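Since the structure comes first, as structure tokens, the remarks are kept for the end.
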Amino acid sequence: EHIGSATSLSSAIINTRLQELVRLFKERTEKVKEKLIDPDVSSDDESPVASPTKPAPAAAVPAPGGEPEDKPLGDDHYCEMLCCTFKSRPWLDRLKSYQFPSSIDPLTNLMYVLWLFFVVMAWNWNCWLIPVRWAFPYQTPANIHYWLLVDYLCDLIYLLDILVFQTRLQFVQGGDIITDKEAMKKNYLHSQRFKMDVLCLLPLDFFYFKVGVNPLLRFPRCLKYMAFFEFNNRLEAILTKAYIYRVIRTTAYLLYSLHVNSCLYYWASAYEGLGSTTWVYDGEGNSYIRCYYWAVKTLITIGGLPDPKTLFEIVFQLLNYFTGVFAFSVMIGQMRDVVGAATAGQTYYRSCMDSTIKYMNFYKIPKSVQNRVKTWYEYTWHSQGMLDESELLVQLPDKMRLDIAIDVNYNIVSKVALFQGCDRQMIFDMLKRLRSVVYLPNDYVCKKGEIGREMYIIQAGQVQVLGGPDGKSVLVTLKAGSVFGEISLLAAGGGNRRTANVVAHGFANLFILEKKDLNEILVHYPESQKLLRKKAKKMLKNNNKPKDEKGDPGDPLIILPKADTPKLFKAALAATGRMRGKGPLERLQWRLKELKAMQEAQVSMGSVAIWLCFLRCQVCCPPPALEWLRCLKRGSSVTPTPPKSPVHQRSPVTSHKAQTRLGEEISSESPDHSVTIRVISTAEEDEEILAAEISEKDEKKEEK
């Protein structure tokens, strides 16, 4: 049994492997076929998926002793935690097995952005706290070791940035992305960034042994400003609302300028002597807060400051005023630009809406229409943050627009039955032509009887298909992802007219593909054009087939079908003909034949024309008609056959007219005296009256 199970397992694995190889060969064949059909197809096809590795056996083969032994695999580690057992590898093993990348993409690698954050934090430590430690008496021999510990930790971050990260940054040269280690290292060593990084790590700390721990010796650490600006660019690229960070950064610039000014004011006060004059800091309260308050009043030029007394104080105050006015104006202008850029879209929206309202008021558009226009503006702006999506995509290259269109619309368009099996590149070209439109509640997307020139794809919201006798009954409700109107694009089999009303149920966002755009695309894909027309005809035929064959049971028939003659009645007539009887059934059979002949004549030329034709025959060709009446007089047992319709002559024959006089009557009766036919001449040359009478007895019998 064990040998058989192992054999079956190995055969199943081999079959799976063979099926996978067959699938890969088929995909490769299709791609080669597409290239042969259309040589212009881009060569950036998707690479084939790697073959799956050999699956592990589902169950272990039992040992010869009996029960199978459950041996954990070498890659699995069971970590028991409370009452649960998790199969995972320890985080320490993952950390050990992690390999640092040999090259880093500075534009897209989030790990590099995170590292820049730590570098900027170290740079901010130096920029903010070096002036404080130099001016204020916050650095004391009691806490000097804490300050030095953080200082050298920041220096370590600077050093790692130079040795590990900057030498692995990719760069572009001649249009190619360079990832070679030696080339990346050489590019960094010859850059301006390397010179500034080396300069900021000058070992001026050795002067601590001679002059003591002076924070000003660490001032070169503030020269690593390039990392700060690079971090700003990378962070703004990944943030959804970058203007918030810009506002925070501009505010930080203003606070830092006030911070430096407060440090300079305390240094000037200490130089003049704390409390020596009314202008300097008097040494009471929190020194940093009091000096910061003075710096704010000075830079913003609020006023109310004490007048400087000495020459040093006057020069310092003048420089402070000039610097404050310049710095504050720059900050205000930058803040205005940041806020203006953040609200540029909102400003554009308001300007468009105001222009539209002004236009509608000028032409006295009804208020109901104006309210709907305002509703459309508000919903479109709040739902997608812009009035026209195509305005943003126009600036992008064609390849990037295609990538965005594939991510947004391909999953929906690929589900349309009409486009399944078409050239994939044709569908990609079609995705770029889709246009987004927003419909308000109760807006008609399309009306019955209209010429269909668009196909609709529901992106968000719902639409209702209306029908019924009043055209207001909801036949079906289509939701997001549904498609309608696709057959109208090809106008196959008369399907270019809308067959129902489609109304937006609530706010609906639809993608529209116009017919002219599809025709421009199909010019380059003749095989797909043939396939689309064939499928459109087939879909239209399937849609009309139930109505043509079965019909709707509730629809009334305009022309009722003629009832067949009962089989029993047909048998009786046949028996009467075989018996050659002369009873009532024979007469009824003769009448039915006569009525049948009259019905056939009615179908061919109409009842009125038959009678007029017969009357003209009495003048133009009276002998056949009179012969027919004489046969009726003689009571011939043979059923008389009415004469054929002659060729009408425009001029009457005078010789025939002499045979009948004015008022002369010719009559004939059937053998049983039930039917009497009379022909009476009139004063008109071309007219005669033909009358047929049925006896009252026969009428009563027929009524019974």
Side-chain angles (χ1 to χ4, degrees), residues 123-144 146-147 150-151 204 207-208 211-223 225 228-229 246-340:
W123 178 75
N124 277 279
W125 167 269
N126 293 316
C127 291
W128 285 77
L129 293 179
I130 287 177
V132 172
R133 294 160 59 186
W134 166 72
F136 291 92
Y138 290 149
Q139 177 177 307
T140 61
N143 58 13
I144 188 65
Y146 295 111
W147 294 101
V150 179
D151 287 344
L204 300 179
F207 290 97
Y208 286 171
V211 298
V213 181
N214 189 351
L216 286 181
L217 294 176
R218 292 187 56 83
F219 181 76
R221 305 295 188 272
C222 299
L223 298 178
Y225 60 90
F228 172 71
F229 290 110
R246 296 191 189 107
V247 172
I248 296 174
R249 184 183 63 199
T250 305
T251 305
Y253 291 160
L254 179 60
L255 296 178
Y256 183 74
S257 62
L258 295 173
H259 169 77
V260 173
N261 194 27
S262 64
C263 294
L264 291 175
Y265 175 68
Y266 186 87
W267 170 81
S269 299
Y271 178 79
E272 287 288 309
L274 298 178
S276 60
T277 62
T278 57
W279 181 84
V280 298
Y281 169 60
D282 57 2
E284 297 180 359
N286 190 304
S287 58
Y288 181 78
I289 298 299
R290 297 289 294 273
C291 293
Y292 200 90
Y293 174 74
W294 182 90
V296 171
K297 293 180 67 177
T298 303
L299 286 181
I300 303 179
T301 62
I302 296 177
L305 295 173
D307 295 332
K309 303 300 181 180
T310 63
L311 180 62
F312 175 81
E313 294 176 355
I314 294 173
V315 173
F316 184 89
Q317 187 70 357
L318 288 175
L319 294 175
N320 205 358
Y321 277 140
F322 288 136
T323 306
V325 170
F326 177 76
F328 192 73
S329 60
V330 171
M331 297 300 171
I332 294 298
Q334 189 173 3
M335 185 68 72
R336 184 204 60 183
D337 295 339
V338 170
V339 175

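The residues of the chain are indexed from 1 along the displayed sequence. Since this is a predicted model, take the numbers as computed values, not measurements.
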Subject >> Side chains of Leu255 and Trp128 in contact at under 4.5 Å (non-hydrogen atoms) >> reply: yes
Original post:
So does Asp282 pair up with Arg290, basic N to acidic O under 4.0 Å?
Top reply: yes
Subject >> Spacing of Asn286 atom CG and Tyr292 atom OH [to the nearest 0.5 Å] >> reply: 13.5 Å
Original post:
Is the number of heavy atoms from other residues, nucleotides or ligands within 6.0 Å of CZ (Phe228) greater than 12?
Top reply: yes
**OP:** Decide if atom OH of Tyr293 counts as having more than 12 heavy atoms of other residues, nucleotides or ligands within a radius under 6.0 Å.
**Re:** no
Original post:
Got more than 12 heavy atoms from elsewhere within 6.0 Å of OH, Tyr253?
Top reply: yes
Original post:
So do Pro308 and Phe316 actually touch side chain to side chain, heavy atoms under 4.5 Å?
Top reply: no
Subject >> Check against side chain to side chain contact (heavy atoms under 4.5 Å, CB included), Phe207 and Asn214 >> reply: CA-CA 9 Å; Phe207 290 97; Asn214 189 351; over 6 Å; no
Subject >> Heavy-atom closest pair, residues Trp134 and Leu264 >> reply: CZ3-CD2, 4.3 Å
**OP:** Run the numbers on Asp151 and Trp125 for side chain to side chain donor-acceptor pair (under 3.5 Å), then give the verdict.
**Re:** CA-CA 8 Å; Asp151 287 344; Trp125 167 269; 2.9 Å; yes
**OP:** Applying side chain to side chain contact (heavy atoms under 4.5 Å, CB included), run through Tyr321 and Thr298 and close with a yes or a no.
**Re:** CA-CA 7 Å; Tyr321 277 140; Thr298 303; 4.1 Å; yes
Subject >> Inter-residue atom distance Arg246.CZ - Ile248.CD1, 0.5 Å rounding >> reply: 12.0 Å
Original post:
Can you name the closest pair of heavy atoms from Gln139 and Val213 and give their distance?
Top reply: NE2-O, 3.2 Å
Subject >> Donor-acceptor pair, side chain of Glu272 and main chain of Thr310, under 3.5 angstrom >> reply: no
Original post:
Distance-only, no hydrogens or angles: does the Tyr265 side chain make a donor-acceptor pair with backbone N or O of Tyr281 under 3.5 Å?
Top reply: yes
Subject >> Crowding at OH, Tyr138 (>12 non-hydrogen neighbours, <6.0 Å) >> reply: yes
Original post:
Parallel under 30°, tilted from 30 to 60°, perpendicular over 60°: which one fits the rings of Phe312 and Tyr271?
Top reply: tilted
Original post:
At their closest point, which heavy atom of Cys263 faces which heavy atom of Ala135, and how far apart are they?
Top reply: O-CB, 3.4 Å
Original post:
Side chains of Phe136 and Cys291: closer than 4.5 Å at any heavy-atom pair?
Top reply: yes
**OP:** Starting at CH2 of Trp147, measure out to CG of Leu129 and round the result to the nearest 0.5 Å.
**Re:** 5.0 Å
**OP:** Identify the two heavy atoms, one from Ile130 and one from Pro215, that lie closest to each other, and give their separation to 0.1 Å.
**Re:** CG2-O, 3.6 Å
**OP:** For Asn143 and Thr140, test the side chains for any donor-to-acceptor distance below 3.5 angstrom and give the result as yes or no.
**Re:** yes
Subject >> Heavy-atom closest contact (Leu274 atom, Ala270 atom, distance) >> reply: CD2-N, 4.0 Å
**OP:** Please check if the side chain of Ser262 supplies one atom and the backbone of His259 the other of a donor-acceptor pair under 3.5 Å.
**Re:** yes
**OP:** Specify the closest pair of heavy atoms between Trp279 and Pro306, including all atoms of both residues, with the distance to one decimal.
**Re:** CD1-O, 3.3 Å
**OP:** Quick one: pull up CG in Leu223 and CG in Asn126 and give me the separation to the nearest 0.5 Å.
**Re:** 10.5 Å
Subject >> Criterion side chain to side chain contact (heavy atoms under 4.5 Å, CB included) on Leu254 and Phe328, from CA distance to verdict >> reply: CA-CA 8 Å; Leu254 179 60; Phe328 192 73; 4.1 Å; yes
Original post:
After noting the C-alpha distance and the side-chain angles of Tyr225 and Trp123, does the key distance pass the ring-ring contact (aromatic ring centres under 6.0 Å, His included) rule?
Top reply: CA-CA 8 Å; Tyr225 60 90; Trp123 178 75; 7.9 Å; no
**OP:** To the nearest 0.5 Å, tell me how far Thr277 OG1 sits from Lys309 NZ.
**Re:** 8.0 Å
**OP:** Could you give me the CA-CA distance, side-chain angles and deciding distance for Thr251 and Met335, then say whether side chain to side chain contact (heavy atoms under 4.5 Å, CB included) is met?
**Re:** CA-CA 8 Å; Thr251 305; Met335 185 68 72; 3.6 Å; yes
Original post:
Looking at CZ of Phe326 and CE of Met331, how far apart are the two atoms once the value is rounded to the nearest 0.5 Å?
Top reply: 9.5 Å
